[in-house]
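In what follows, a structure is listed as C-alpha cells, so that the remarks can point back to it.
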There are 2 protein chains.
Amino acid sequence: MKAAFDAFRSLGHPATRGRGEILRILAESVIPLSPREIRERIPDPKPDASTVYRNLTLMVSLGLVRSVALHERSRRYETATDGTHRHSVVCRRCGRIESFQPKKCDLSRIESDIRGTLGFDVTDHSLEFFGSCADCEGKRGRR
Amino acid sequence: MKAAFDAFRSLGHPATRGRGEILRILAESVIPLSPREIRERIPDPKPDASTVYRNLTLMVSLGLVRSVALHERSRRYETATDGTHRHSVVCRRCGRIESFQPKKCDLSRIESDIRGTLGFDVTDHSLEFFGSCADCEGKRGRR
DNA sequence: TCCTTAGATGCAAATATATTGCATTCGCAA
DNA sequence: TTGCGAATGCAATATATTTGCATCTAAGGA
C-alpha cells in the first residue's frame with residue numbers, strides 16, 4: 001500500500017488513511033464499486049461520506065480511478081492505476097456484475113471516424129454489456 | 001403521432017397525452033435527454049415529474065425507449081422505436097453531447113466471448129465516447 | 001523534533017434526483 | 001354511455017451528491 005501513498009504525494013496531494021483505503025479497496029475488487037460500497041468496506045473509523053465523494057472526484061481527475069456507469073442510480077468506480085481497462089457485464093435480472101479485460105479493444109476505427117465526422121478528440125470510452133447471467137438464464141420462464 | 005399512440009395501445013397500455021409527448025420529444029431530439037429536459041419540453045399543462053419517471057420506466061420495459069448513461073447525475077433516454085442504435089460522444093470540458101449511428105457496430109465477437117467465458121447471454125450494450133469537442137479543442141491551453 | 005500552513009476532514013445543511021402511497025381522473029372496450 | 005383497471009397529480013419520502021465552515025492533519029522547513 002506504499003505505492004498508493006506515493007501516488008498521492010507525487011501528485012502533490014497529502015496521503016491520508018482514507019485515500020489509501022479507497023485505492024486499496026478498489027484494487028482488491030474485481031468489479032466497480034459504488035461510493036457507498038467503498039465506504040462500507042473501510043474499517044472503522046470510517047471517513048465521512050462526503051470525504052469519500054471528494055476523494056473519488058479527486059482520484060478520477062488524477063487518473064488513479066475511473067468512473068463507470070452501469071445504469072444504476074449511482075455511479076461506480078474502478079481502479080485505473082494498473083493501466084488496464086475493463087468492461088462490465090450486468091445481469092438485467094439479478095443485478096449481478098462481472099468485469100473482464102478485453103482481449104483487444106479495438107475501437108480506434110470508430111474513434112477516428114468520430115474525429116473525422118464530429119471533430120471530437122476522443123480520449124476514452126465506456127463500454128458495458130447487459131443481458132442475463134448463467135443462473136438467471138437457467139431459471140428463465142420459471143417465474 | 002398516431003404511431004406513438006398505437007404503440008401503446010397495441011402493447012396493452014392506455015395512450016395518454018403525456019406518453020405521446022414523451023415519445024414525440026425523444027423522436028425529435030438528436031441527443032438523449034434527461035427526464036427533466038423531457039418534461040421541460042412538454043407544452044403546458046405539463047405532466048407531473050413522477051408521471052414522466054413512471055412513463056420512462058414503462059417505455060424502457062416495452063422497448064420503446066432506451067436509457068443511456070453518460071456519467072452524469074441523471075440518466076438520459078433516447079428513442080428506440082426506429083430500431084436503430086446510437087452512440088453518444090461527450091465533451092469532458094463543456095458537456096456538449098453528440099450522437100451518431102455507428103456504420104457498423106460489431107461487438108458480436110466480444111459478446112460471444114462473454115457468453116463463453118462468463119456464461120452471460122448478452123442482449124445489448126452501451127457504448128459512449130468521451131473527449132474534447134472541436135470548440136474546446138481549439139481553446140486548449142487558453143484558460 | 002517542533003512549527004507552520006495549505007489542504008483534508010467531519011458535520012450539518014442544502015440540493016438534486018428518483019420513488020411511492022393514495023385519492024382522483026381518464027382511456028377505452030363493451 | 002357506462003364501468004373498470006390503469007394513469008395521473010400531489011405530497012411525502014428515500015437516496016445520492018454537494019457545499020460551507022470550523023477544526024484537524026500531513027509534510028516540509030527551522
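Chain letters run A, B, ... following the sequence lines, proteins first and then strands; every chain starts at 1.
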Arg36(A), CZ atom: more than 12 neighbouring heavy atoms under 6.0 Å: no
By side chain to side chain contact (heavy atoms under 4.5 Å, CB included) - contacts of Glu98(A) (at least two apart): Arg96(A), Leu118(B), Phe120(B)
Please report the C-alpha distance between Tyr77(A) and Val60(A) in whole Å, then the side-chain angles of each, then the deciding distance to 0.1 Å, and finally whether the side chain to side chain contact (heavy atoms under 4.5 Å, CB included) criterion is met. CA-CA 9 Å; Tyr77(A) 295 84; Val60(A) 167; 3.8 Å; yes
Could you pull out the closest heavy-atom pair between Phe5(B) and Ala15(B), with the gap in Å? CD2-CB, 3.4 Å
Anything under 3.5 Å between a protein N or O and an N or O of nucleotides 2-8 of chain D, put it in a table, one pair a line.
| residue | atom | partner | partner atom | Å |
| --- | --- | --- | --- | --- |
| dA7(D) | OP1 | His13(B) | ND1 | 3.4 |
| dA7(D) | OP1 | Arg19(B) | NH1 | 3.1 |
| dA7(D) | OP1 | Arg19(B) | NH2 | 3.0 |
| dT8(D) | OP1 | Thr16(B) | OG1 | 2.7 |
| dT8(D) | OP2 | Asn55(B) | OD1 | 3.3 |
| dT8(D) | OP2 | Asn55(B) | ND2 | 3.1 |

Is there a donor in the side chain of Ser99(A) and an acceptor in the side chain of Ser88(A), or the other way round, less than 3.5 Å apart? yes
Interatomic distance where CZ belongs to Arg9(A) and P belongs to dA27(D) [whole Å]: 4 Å
With sequence neighbours left out, what residues match Arg115(A) under side chain to side chain contact (heavy atoms under 4.5 Å, CB included)? Asp121(A)
Classify the nucleic acid contact of Ser34(A) as base, sugar-phosphate or nothing, counting any heavy atom under 4.0 Å across all strands shown. nothing
Which pairs with one or both residues in residues 53-70 of chain A pass side chain to side chain donor-acceptor pair (under 3.5 Å), sequence neighbours excluded? Arg19(A)-Asn55(A), Ser50(A)-Arg54(A), Arg66(A)-Glu78(A), Ser67(A)-His71(B)
Starting at atom NZ of Lys46(B), determine the distance to atom P of dC10(D), rounded to an integer number of angstrom. 14 Å
Would you say Arg24(A)'s side chain and Ile42(A)'s backbone share a donor-acceptor pair under 3.5 angstrom? no
Under 3.5 Å donor-acceptor, Arg76(B) side chain and Pro35(B) backbone: no
Quiz question: by atom type and distance under 3.5 Å, do the side chains of His125(B) and Glu111(B) form a donor-acceptor pair? yes
Check whether any side-chain nitrogen or oxygen of Arg75(A) sits under 4.0 Å from OP1 or OP2 of dA16(D), and answer yes or no. no
Could you tell me whether Ala49(B) contacts a base, only the sugar-phosphate backbone, or nothing, with contacts defined as non-hydrogen atoms closer than 4.0 Å? nothing
Distance under 4.0 Å to a non-hydrogen atom of chain A counts as contact; along DNA chain C, which nucleotides mark the start and end? dG7(C) to dT19(C)
Over 60° means perpendicular and under 30° means parallel, so classify the ring planes of Phe100(B) and Phe129(B), tilted if in between. tilted
In this structure, how many angstroms lie between the P atom of dT17(D) and the CD1 atom of Ile38(A), rounded? 11 Å
Five pairs at each end of the helix from dT1(C)-dA30(D) to dA30(C)-dT1(D): take the axis at both ends and give me the angle between them to 10°. 40°
Please report, rounded to the nearest Å, how far the C1' atom of dC10(D) is from the OH atom of Tyr53(B). 16 Å
Please give, in whole Å, the distance from dT25(D) P to Phe8(A) CZ? 19 Å
